[in-house]
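A short worksheet on the structure shown next.
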Amino acid sequence: MTRSLTADLITELATDKLNPVELVYLGISTGTYYTDHYKDISYDGNTYTASSLFLGSSEVQETADVSVNNLTLKFSGADTTIISLLLNNDYMNVQAKLYRGFLDSSQALIADPFLLFDGRISNFALEENATGSSVSIIVASHWADFEKVSGRRSSINSQKLYFPTDEGMEFSSQTSQKIKWGKA
């Protein structure tokens, strides 16, 4: 994925004192924003909350091939905020973004952070041990649904899932002619 970096960011990357920061957006519920910095950061009209909940992310893998790349966002499970967010809301296929930005010597965000990963939440895992717990949110790239077959089957069982009293598909299995929908 090509990235267009601002002149201020290119100048900062040329220095030997980098202070990176990650900004995470989870589109669950009304949207939540987290940063791994020790104080809140404002970017693009949103406040990314400084919290000990966001522990970091896995390395972003980029390839020239069309493939499903995944990113893992790790959160602390000691506070049940993230666990409750996932369990009490629809999280599957919800957008998640990871930005990488840099801070100057006064801890101010330099220009515009760049989008490091944009995908959809595909799953999450709770991990517990004797010393603590964590939540790993797996985010898949937009290629995850590339070969997914959407829709319903033309069978009586599929029809009864949505319309229990409808018998309209009762004889669908006996049709020998292939029907090409949407063709003249």
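Just so it is clear, the values below take in all heavy atoms, side chains as well, and ignore hydrogens, waters and symmetry mates.
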Inset, instruction - Calculate, to the nearest 0.5 Å, the distance between atoms CD and CD1 belonging to E22 and I41 respectively. - result: 11.0 Å

Legend entry - Whether over 12 other heavy atoms sit under 6.0 Å from E167 CD: yes

Legend entry - K97 backbone acceptor or donor facing D118 side chain under 3.5 Å: no

Inset, instruction - For K74 and S136, work out which heavy atoms get closest and say how close. - result: NZ-OG, 3.8 Å

Legend entry - Passing candidate, ring pair (Phe, Tyr, Trp, His ring centres under 6.0 Å) with Y34, options F54, Y25, F75, Y48: F75

Legend entry - Cluster link L26 to I138, ILVMFWY, side chain under 4.5 Å: no

Inset, instruction - Please answer whether the main-chain N or O of S51 pairs with a side-chain N or O of T49 as donor and acceptor at a distance below 3.5 Å. - result: no

Legend entry - Atom of G101, atom of P113 and distance for their closest heavy-atom approach: CA-CB, 3.8 Å

Inset, instruction - Taking all heavy atoms of F117 and all of S141, pick out the closest pair and write down the distance. - result: CZ-N, 3.8 Å

Legend entry - Flag side-chain contact, heavy atom, 4.5 Å: L87 against F124: yes

Legend entry - Donor-acceptor contact present, side-chain T72 to main-chain S58, <3.5 Å: no

Inset, instruction - Looking only at non-hydrogen atoms, find the nearest pair between S76 and S52 and report the distance. - result: CB-O, 3.8 Å

Legend entry - Residues, nucleotides or ligands: over 12 heavy atoms within 6.0 Å of D90 CG: no

Legend entry - T35 vs D40 side-chain heavy atoms within contact, under 4.5 Å: no

Legend entry - Over 12 foreign heavy atoms within 6.0 Å of NZ, K17: no

Inset, instruction - Starting from the C-alpha separation in whole Å, work towards a yes-or-no answer on side-chain contact (heavy atoms from CB on, under 4.5 Å) for D112 and Y43. - result: CA-CA 8 Å; D112 291 323; Y43 168 65; 3.7 Å; yes

Inset, instruction - Rounded to the nearest 0.5 Å, what's the gap from CD1 on I28 to CG on L85? Could you check? - result: 4.5 Å

Inset, instruction - Please round to the nearest 0.5 Å and tell me the distance separating atom CD of E127 and atom OG of S133. - result: 9.5 Å

Inset, instruction - Could you walk me through whether L23 and Y33 pass side-chain contact (heavy atoms from CB on, under 4.5 Å), step by step? - result: CA-CA 7 Å; L23 307 173; Y33 302 86; over 6 Å; no

Inset, instruction - Quick one: pull up CG in L55 and CG in L73 and give me the separation to the nearest 0.5 Å. - result: 10.5 Å

Inset, instruction - Report whether I110 and Y38 are members of the same hydrophobic cluster (ILVMFWY, side-chain heavy atoms less than 4.5 Å apart, transitive linking). - result: no

Legend entry - Atom pair OG1/CG of T32 and N89 - distance to nearest 0.5 Å: 9.5 Å

Legend entry - Minimum side-chain heavy-atom gap L109-L103 below 4.5 Å: yes

Inset, instruction - Rounded to the nearest 0.5 Å, what's the gap from CG on L86 to OG1 on T80? Could you check? - result: 11.5 Å

